[in-house]
Amino acid sequence: MNAPADKEALKPSNFLRQVIERDLEQQTYAHRQWGGSPGDAAHHQHGEPDPARIRTRFPPEPNGYLHVGHAKSICLNFGLARDYGGVCHLRFDDTNPEKEDTEYVNSIIDSVRWLGYDWAQPGNDQPYQASDYFDFMYRAAEYLIEAGLAYVDEQTPEQMRANRGDFAKPGVDSPFRSRSIDENLQRFREMRDGKLPDGAAVLRAKINMASPNINMRDPAIYRIRRATHHNTGDKWCIYPMYTYAHPIEDALENITHSICTLEFEDQRPFYDWLLDRLAEGGLINKPHPRQYEFARLNLTYVITSKRKLKQLVDEGHVSGWDDPRMPTIVGLRRRGYTPESLQLFAERIGVTKSDSWIDYSTLEGCLREDLDAKAPRAMAVLDPLKLVITNWDELMGEGTLDDCSAPVHPHHPELGRRAFKFGKELWIEKTDYEEVPPKGYNRLYPGNKVRLKYGHVIECVDAIKNEAGEVQQVRATLVPDTKSGTPGSDAIKVKGVITWVAAADAVPAEVRLYDRLFAVPQPDTGDKDFLEELNPDSLKTVTAYVEPSLAQAQAQADEKFQFERHGYFVADSKDHGSHQTGGEGKPVFNRVAGMKDSWATK
Ligand code: ATP
Ligand code: MG
């Protein structure tokens with residue numbers, strides 16, 4: 001619990017900040033008590049004044065891996081709590097027994113921590129789980145029955161659907177709507193005790209079948225489902241519906257601002273109806289939490305449906321949840337994204353009340369901004385062509401290697417310098433030689449001089465080609481007294497500077513050049529199956545030569561570099577490094593992003 005820091009006050013305002021600031025000013029939640037853990041009205045009444053000025057929550061359903069949309073929600077909820085002296089709860093919304101798994105629970109915990117957030121509070125470092133509130137949810141349901149506000153409906157699902165009406169047509173009362181309280185209570189207990197088969201009955205809130213809001217037409221709040229739950233095992237064969245469970249979870253946890261995506265806007269009247277009734281009955285305290293909706297994140301070239309991401313994994317279109325092309329947090333991490341870049345992204349896109357698409361280049365821009373300031377530099381040649389210095393032996397002596405160095409980071413001299421060799425044979429990029437230079441081309445062509453960055457100036461002589469006319473080797477002469485950093489080295493002016501590595505100390509590496517996973521800017525929005533919109537060229541693997549400092553890259557630390565001229569790269573957390581432990585494998589680097597934006601929608 002931090003007091004708002006001064007720098008936070010500079011953050012751009014948005015409608016959620018305005019709501020919170022108004023509530024703090026009006027002391028809306030200033031007099032709440034906190035029982036030290038989630039609980040009902042009595043539990044909190046015996047507690048201390050709530051030390052958290054506001055409480056928010058991030059409530060994932062543990063049925064998949066978190067993605068970039070969740071990252072937005074995490075940064076938003078944890079960020080607001082941090083900025084306003086509050087607490088944000090991590091809560092597993094595990095009320096649906098069928099699709100949930102502890103594998104997902106663990107990965108969600110890791111992802112939230114990796115993003116830089118913590119839910120621990122004094123005396124409690126465990127995340128909350130909605131399934132711990134099943135007893136209370138059941139008790140609240142009996143209370144609603146006793147208050148004449150809920151009934152057991154035994155219409156068939158088809159009848160129920162037909163009688164619900166639609167936007168144009170009011171609903172029709174169920175014949176079971178007028179059951180007595182005693183009969184409802186008895187029947188609900190039979191549901192709980194396993195006397196009715198799955199699907200034979202539901203408990204419904206008794207509100208208004210003619211409401212213009214269909215969600216208020218007696219929504220179902222409990223269903224019968226025989227399924228083993230990962231937390232409660234076989235204790236229950238009835239489970240609460242999401243719309244009923246969620247407001248209760250918020251209330252028991254003393255949440256003040258319950259922030260969700262826009263599709264829940266029409267559920268808000270039921271959220272308030274339910275909590276108003278439970279507060280009247282003395283089961284929860286007032287003022288109860290309030291729901292606020294914001295636009296979910298849509299990112300170009302990306303899909304964020306958990307179900308569809310799972311399909312990509314299950315059908316082998318990607319190598320797993322952590323494939324570097326996946327928009328999952330584990331995928332983004334392996335791709336080389338940093339927590340700071342995702343936080344910056346969340347802040348930059350802000351929160352709004354209307355849906356829109358955010359350009360992928362915005363996300364990449366945040367990554368570049370973060371990494372430019374801190375990533376060590378290195379030289380790498382991704383598409384190697386041999387360069388031979390024909391006068392080397394004569395000038396430097398046969399077999400000589402010349403020591404060169406470069407700053408680890410141009411703006412951080414304290415990080416020191418990296419060392420590498422210059423020699424007779426070097427690797428350069430294929431595109432750095434042209435026999436007939438196009439207009440404006442300043443790199444190698446016969447007769448032109450260029451600087452090999454951090455090395456010497458050379459003059460291109462010619463190239464050796466194979467029978468097919470392909471360039472096999474470029475030949476050049478070294479211009480004496482031009483070594484970078486030595487006096488007079490810049491006496492000869494050149495227009496082009498190129499990157500290189502020496503054949504003698506370069507390290508071969510596998511470099512994975514990732515591109516967008518989908519070929520269209522708004523995948524899964526038209527008539528086409530989203531699988532047909534996959535980009536067939538989303539991964540190109542090359543064998544590159546990298547400077548020797550990169551052989552030390554620590555994949556465990558997600559170590560990232562700027563390969564000069566090429567962009568940002570990370571040592572792959574899974575496949576890099578077998579060479580470090582004595583194995584045969586090469587270093588493996590993933591391209592996070594190029595130096596410049598190539599994503600903007602044209
Ligand atoms: P899916 O429908 O793909 O399963 P979900 O929204 O149901 O996703 P949850 O686990 O229920 O996934 O989401 C947890 C929280 O993350 C919710 O509060 C939800 O509003 C938020 N969230 C999910 N997707 C996005 C998104 N694309 N942008 C912003 N917030 C999101
Ligand atoms: Mg959900």
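Any value given below was found using the heavy atoms of this structure, including those in side chains, with hydrogens, waters and symmetry copies removed. Just so you know, ligand 1 is whichever comes first in the structure, and atom 1 is the first atom listed for that ligand.
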Margin query: Gln291: which residues meet the side chain to side chain donor-acceptor pair (under 3.5 Å) condition with it, sequence neighbours left out?
Written below: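 Testing Gln291 for side chain to side chain donor-acceptor pair (under 3.5 Å), a comparison that skips the adjacent residues, returns Glu293.
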
For ligand 1, which atoms sit closer than 4.0 Å to a heavy atom of [X]?
X	result
Pro60	10 (O), 14 (C)
Lys306	1 (P), 3 (O), 4 (O), 8 (O), 9 (P), 10 (O), 12 (O)
Ser305	3 (O)
Ser73	16 (O), 21 (C), 30 (N)

Note to self: With the threshold set at under 4.0 angstrom, would you say Phe264 reaches ligand 1 through any of its heavy atoms?
What the structure shows: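 No, that is not the case, since the closest heavy atom of the residue is not under 4.0 Å from the ligand.
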
Item checked: Glu48, CD: over 12 other non-hydrogen atoms inside 6.0 angstrom ->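 Not buried by this count: 12 neighbours or fewer within 6.0 Å.
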
Next item on the list: Take atom NZ of Lys374 as the centre, draw a 6.0 Å sphere, and report whether it contains more than 12 heavy atoms from other residues, nucleotides or ligands.
Entry: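 Buried by this count: over 12 neighbours within 6.0 Å.
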
Next item on the list: For ligand 1, find out whether one of its N or O atoms is nearer than 3.5 Å to an N or O atom of Arg57.
Entry: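 The answer is no, given that Arg57 and ligand 1 share no N or O pair closer than 3.5 Å.
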
Checklist line | Polar contact flag for Arg307 and ligand 1 (N/O pairs, less than 3.5 Å) | finding: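 Among all N and O atoms of Arg307, none is under 3.5 Å from an N or O of ligand 1.
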
Run down the list [options] and name the one with the heavy atom closest to [atom].
atom	options	answer
atom 23 (C) of ligand 1	Glu293, His70, Glu61	His70
atom 26 (C) of ligand 1	Gly69, Ser258, Ala71	Gly69
atom 20 (O) of ligand 1	Leu297, Thr261, Ile108	Thr261

Note to self: Here's a test for you: under ring-ring contact (aromatic ring centres under 6.0 Å, His included), which of Tyr222, Phe134, Tyr244, Tyr138 qualifies with Tyr239?
What the structure shows: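 Filter result, single survivor: Phe134.
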
Check: Using the benzene-type ring in the case of Trp, are the ring centres of Phe294 and Phe15 under 6.0 Å apart?
Finding: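 They do not qualify: ring centres at least 6.0 Å apart.
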
Notebook entry, point to check: Hey, are Arg368 and Asp372 close enough for a salt bridge, meaning a charged N less than 4.0 Å from a carboxylate O?
Noted result: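 Salt bridge between Arg368 and Asp372, a charged N being under 4.0 Å from a carboxylate O: no.
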
Checklist line | Pairs involving residues 315-326, ordered by first then second residue, that meet salt bridge (charged side-chain N to carboxylate O under 4.0 Å, His left out) (sequence neighbours left out) | finding: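 Listed by first then second residue: Asp322-Arg334, Asp322-Lys574, Asp323-Arg325.
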
